[in-house]
Structure formats: C-alpha cells, structure tokens
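Single-structure report; data block below.
Chain naming here is simple, since letters A, B, ... match the order of the sequence lines and numbering starts at 1 in each.
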Amino acid sequence: MLVRNQIADLVIAALQAAQAAGDLPPFDLPPIEIGRPKDARHGDYASSVAMQSAKLARMAPLAIAEAVARHMPAAAAIAAVEVLPPGFINFRLADDWLTGLIPQIEADATSYGNVDLGHGHTCQVEFISANPTGPLHMGSARNAVLGDSVARVLEAAGWVVQREYYLNDAGTQMRTFAETLWRRYRRAHGQDAPLEAHHYQGTYMVDLAQRVAAEHGDRFLHADEEAAIAALSQIGLDLVMEWIRAAADKLRIHFDCWFSEKSLYEDGTFDRVMTSLRGANRTTVRDGAEWLLTSEYGADRDEVLVRSSGQPGYYASDVAYHYNKFVLRGFDRVVDIWAVDHQNQARRMPYLMQALGLDPQRLDILLYDMVRLYRDGKEVKLSKRSGDIITIDEVVDEVGADAVRFLLLTRSNQTVIDFDLNLAVQQNDENPVFYVQYAHARMASILRTAAERGFEHASWANGDLALLGHPSEMTLLRKIAELPEIVEKAAIQLAPHNLAFYAQELAAVFHAFYRDCRVLSSDPADTELSRARLRLVAATKAVFATVLGLLGVTAPESM
RNA sequence: GCCCCCAUAGCUCAAAGGAUAGAGCAUCUGCCUUCUAAGCAGGUGGUUGCAGGUUCGAGUCCUGCUGGGGGUACCA
C-alpha cells in the first residue's frame, strides 16, 4: 500500500476519533486527499482537510487541524505530524522507514515502484498503426514511443499488457498504394505510366518499385492489370512492413501482434457484427447506406457502416475491430494511441462501445498532439504525399534512440512538439537524457571502483543502514520513495512524461548526494559508512534502471 | 459557423484545487592532486495571453474575449 494512502487512512481515523471524543462536531468527512508539499520544510505529505472542513465543522481550520493531529494514530512510517497555519497537517517520513526501502529494493529490484491498479487484468495497447503505405515518419515516432512507454507503465501498474499494431491493409489507402506501385513498377521497366495527383508521390515508391522489379522481373507486365495490382499490393505491403518493423526495432519497440484489418472481412468477423447489430435493431438503411444508430446513445448523428456502394466505411472497421478486441479476444481493457487529428473519430468510440453492449470505460483513446519538424528554422512537412519525408530511421540514426525517446517523452501528451532536427543533432551533450544516463553511469562507476578497492558486493551487502542519516542521503531516499506514486500517476493519466521528469529529479538529488557524501574513503575509520552508502548507491542505481526502463531508455554502465 | 486542444522565465517545457509557480537550455560568477566536471553551488530572469466569476485557497475549475493548432464526408 502506498504511504500516501496509509496517511489518508490515518487522517480518517484521526478525524473519527476526534469526533468520537467530542473534540470535533459530527459532520460528513470530505474526500481525503493527501498532497505533496513543494517546500521541504512542510514535510513529505500534507492534508488540507482542516480547511475543507471549516464550514462543515463551523470551527477555525487551525483548531480542526490541531484536534486531528492530537488524535492521529502512531504509524511506523511517520516520524512527525505538524500543524501549520492556515490549517495544514504536515507529515514527515521516519528515517528508518526511508532506509528500510533499501532492503526492499535489494530483495526485488525489478518490482520496486510497481503498483497494483490492474490486478492482473488484461490490457491491450494498440499503437503506431500507421497506414502501411510507406516508411514511418517522425509523427509516428511520437505515437510509437508514447504507446510503448504507456505499455511499460501499465505493466508496472499491474496489467497484463499486449502490444498490437493494427495494419490498415484494407480500404482506399491500400488501393492507392497498390496503384502507385503498379505505375512505378511499369516505369521501372521503361513504360509510360504517369502518376495521378492522388497517388503517392514520394521517392520511396520508386525504391519500392525497383526492389519489386529486381526480385520479380517483368512478369507482372504480362498479367491482367487488376491481378497485377492485387499481387503488387501484397508484395508492396510485405516490403513496407519490413521497413516499419525495422524502424520500430530501432526504437526498441516490439509488438506481440500485428493485426490485419483485412482479416476482419475475410474471417467473417464483420458479418457477425453486422448480424448482431441488425438483430438488436441498432442499424437502419437510409439513402442507400446502412447506418449505426449512434444518435440513440447521445451522439449528434448516426454513422455510416456500409456505404451505398456496398463497401464498408471506416467506422465499420472500428466496430468490427473493437468487437474482435473485446468480445472475441476478451481484453478487459484497451488503450488506443491516436494522433489528435483523429479527435472526431475518438469522440465516436464510446457510442460504438455502447452499440456493442460494452462498457465504454473499458476503452481509452489516448490522443497526443502533433510533432512539427524544423530544419534550418523552416518547417519540414511530414506528409506521405510530398516527396520530402523525414523518416524515423533518419532521425534515430542521427540522434540515437535514447535521445529521440526521451525528448518525445519529456512533454505531456497534449502539447505540440516542435522538433528541430539541427538542434537535436548538435544538442547531443545538452540533451537531458544524457544527464539522467550520466547519473546511472556514475553509480556504476562507484560500484566498479569499490570492487577494485576490495569492496566486493558480499563485503557491503550487510552494511549497517542505521549509519545513513546525512541530509543528502535522506533527500535521495525520499525521492526513491516517490517512485510508486509516480508510476501510479503515470498509469492513471497514461502520461509517461511524469517519469521523464522524475528521472531528472532523481538524477539531481543523486548528484547532490555524490557531492556531499563520499562513498569510498581512504580512511579505514569510514569503512562501515562506505558499506552502508554502497547499499544506497546500488539501490538507487536499480531504481534508475527501472525508471529508464519504463521510458525505454538504456541505462549505461559507463559513458 | 460549430467542436476539441494549447497559451507559464529570453528559448524548450513541468506543476492530481493548496503554502514563496519550478526544471533544463541560454547568460553571468565560482568549484576537478581523492568514487566519472556529460557534474555541483550561486546570480540574472514571471502581472501564468486579457477580463470577469466560483472557492478558505485558482497556472489549474466556470463564462466571455484575443492569438495559435487541430477537427468538422457514405476518406482512413
């Protein structure tokens, strides 16, 4: 249980005890929220319940706070309870509780920081899912990094997570792609096959066509045009998927499942959903199209499932796909990571859930804002239709996966990111990711040097933690104690940037500890202290590795 | 037109309705014969876009403006 929640329970117990003793009048308790004071002098946690209760109790906040503090039950984690004007109740963590975190981390470093929000329920995180019609551009990098980190955070928060890439291999985009490839292929063989405006203009299509021509020769030139386009569609898709996999790989992202949109239509899922919706009278035919009656659930309009042409619309795919996720595959929860230009689509998703008879709460659509790329002070367009595409590979090769991941994860989801390519490259030394990694490398270095000087792990594993007590040591431990709360917050808000900022804070307090507290001393009198500090350093290093792991950033042993 | 998001230090961004709004970069001043100076300490820098409102308390919530981005198809 998080200390914060323990403290909330203490406050409730104290309020009730005070009421029972007649020190406070009876009133319904407001929701008890325990905050983190910004100023260290105000302790580690604070409750503002006295201010919130002043009106209910018809008493001065300060008097309420004092009454509550008087009845506060003792707790091992809490060393002191203080009341300060205008009525804050402040809590200070006990030193031995803080040093007690070290054996906890030593016992199971990988689970320290984990919380249990998910209770082992399943959660699918679906992300990237870019149209497989070209290489991944930098807009997808944000999606990729955010989705992967959210997946990692949810795992740490007690969910069993499955990572999925939704392959939009059906529909008009795919058709356009195949037609473009067909024309580029013919041109590769010297035929006259001009592109039309709606075709993909990017030069990667030329590369693709040349690869196809190299591998398959001219055999499609002699086939029926539609058959050729169909064949090229599949061949091109496979090649593009190679690119996409490679780009994801570069960002250290691995999917458990690559799910084909086309399969929804080929394996009968779509038909089953339609039958079920019609049976429940949730569709109607109007203007030659078949509509899902989403207005019955409060939407401002109905949505087309089957167009008058007989072709299913994209909303039909959403319906069938989420039916597959929840009903056929049985995920307890699904998180879809979408760019903000899908906001309108996102708004419609709860209606879809209701139409399927599912609890909309089980589906989260995480919208993140755009990435704008700049080079030489000018915006570079990402569009697949322009020739100038900035791919993930290009940027990762230039800047490195760690820098790209950290940079994209150091902003909250709803901010527009202006990514300056020149700056990203030259900023190598100034990038905050190096600051954080440097702290980890420094710890590794201390442990290495310790071993060289005779402090093998076994020689300090039982160091006396009671010797810790220097303010910088305790500040470091306090920051370590925050991790579970940060993980919880990141999981609830689906916002990994909390971890990126936490990592920088942890690095800062570690560097302060490094300055103030010499771990390895030449004075034999300090040996016992060194042993205790080595335990602290090793535990901190493990926490760093955990945090960096949640961000998908490597934790280097040396730099 | 209507809907959504954003506006915080010179720049890039944080800040679960709480106490004196914080980091990094940039800039200025100091600190390496001892565990990594990719570091540390300190200085400069703010009417949180504007105007109201709710609240004991507002950067945060509500209303109206201004400016920027996105969205408003039988396209995905």
How would you label the contact of A:Val519 with the nucleic acid (heavy atoms, under 4.0 Å): base, sugar-phosphate, or nothing? base
What is the base-pairing partner of B:rC32, counting Watson-Crick and G-U wobble geometry with both distances under 3.5 Å? none
Atom NE2 of A:His440 and atom P of B:rA38 are separated, to the nearest Å, by 18 Å
Would you mind telling me which of B:rC4, B:rA14, B:rG69 lies closest to the side-chain atoms of A:Arg372? B:rG69
I need the OH-C1' distance between A:Tyr502 and B:rC13, as an integer number of Å. 20 Å
Same-atom distance (P) from B:rC28 to B:rU36, integer angstrom: 30 Å
If we require ring centres under 5.5 Å and near-parallel planes under 30°, does A:Phe501 stack on B:rA14? no
Rounded distance in Å between the P positions of B:rU44 and B:rG69: 37 Å
Starting at atom CD1 of A:Ile492, determine the distance to atom P of B:rA16, rounded to an integer number of angstrom. 13 Å
Do A:Arg41 and B:rU20 have a side chain to base donor-acceptor pair shorter than 3.5 Å? yes
In the strands shown, is B:rA7 matched to any nucleotide by a Watson-Crick or G-U wobble pair with both distances under 3.5 Å, and which? B:rU66
Can you say whether the rings of A:Tyr265 and A:Phe270 are parallel (under 30°), tilted (30 to 60°) or perpendicular (over 60°)? tilted
Counting only side-chain nitrogens and oxygens, does A:Tyr514 get under 4.0 Å of the OP1 or OP2 atom of B:rC32? no
By nearest atom, which of the nucleotides B:rC74, B:rA19, B:rA76 is closest to the A:Asp287 side chain? B:rC74
Rounding to the closest angstrom, what is the interatomic distance between B:rG30 and B:rU47 at atom P? 30 Å
Any N or O donor-acceptor pair under 3.5 Å from the base of B:rG70 to the side chain of A:Gln343? yes
Searching all strands shown, indicate the nucleotide that pairs with B:rU27 (Watson-Crick or G-U wobble; both distances under 3.5 Å). B:rG43
Please classify the nucleic acid contact of A:Ala54 as base, sugar-phosphate, or nothing, using heavy-atom distances under 4.0 Å. nothing
B:rG71, B:rC74, B:rG18: which one has an atom nearest the side-chain heavy atoms of A:Asp341? B:rG71
OH of A:Tyr438 versus P of B:rA38: gap in Å, rounded? 5 Å
Any chance you could lay out the ring pair (Phe, Tyr, Trp, His ring centres under 6.0 Å) test for A:Trp460 and A:Phe455, step after step, and finish with the verdict? CA-CA 7 Å; A:Trp460 50 263; A:Phe455 284 101; 8.8 Å; no
If the plane angle is over 60° it's perpendicular, under 30° parallel, otherwise tilted; pick one for A:Phe177 and A:Tyr200. tilted
With rounding to whole Å, what would you report as the distance between B:rC62 and B:rC74 at their C1' atoms? 39 Å
Report the distance from atom CG of A:Asp418 to atom P of B:rG69, rounded to the nearest whole Å. 11 Å
A:Leu84 atom CG is separated from B:rA19 atom P, nearest whole Å, by 13 Å
Looking at A:Lys38, A:Arg478, A:Lys479, which one forms a salt bridge (Lys or Arg N to Asp or Glu O under 4.0 Å) with A:Asp44? A:Arg478
Residue A:Asp369, side-chain atoms from C-beta onward, closest of B:rC74, B:rA14, B:rC5: B:rC5
Would the base of B:rA19 count as contacting A:Asn90 through its side chain, where contact means a donor and an acceptor less than 3.5 Å apart? yes
Presence of donor-acceptor pair under 3.5 Å, side chain of A:Thr172 and base of B:rC75: no
What is the separation between atom CZ on A:Arg442 and atom C1' on B:rU34, rounded to the nearest whole Å? 14 Å
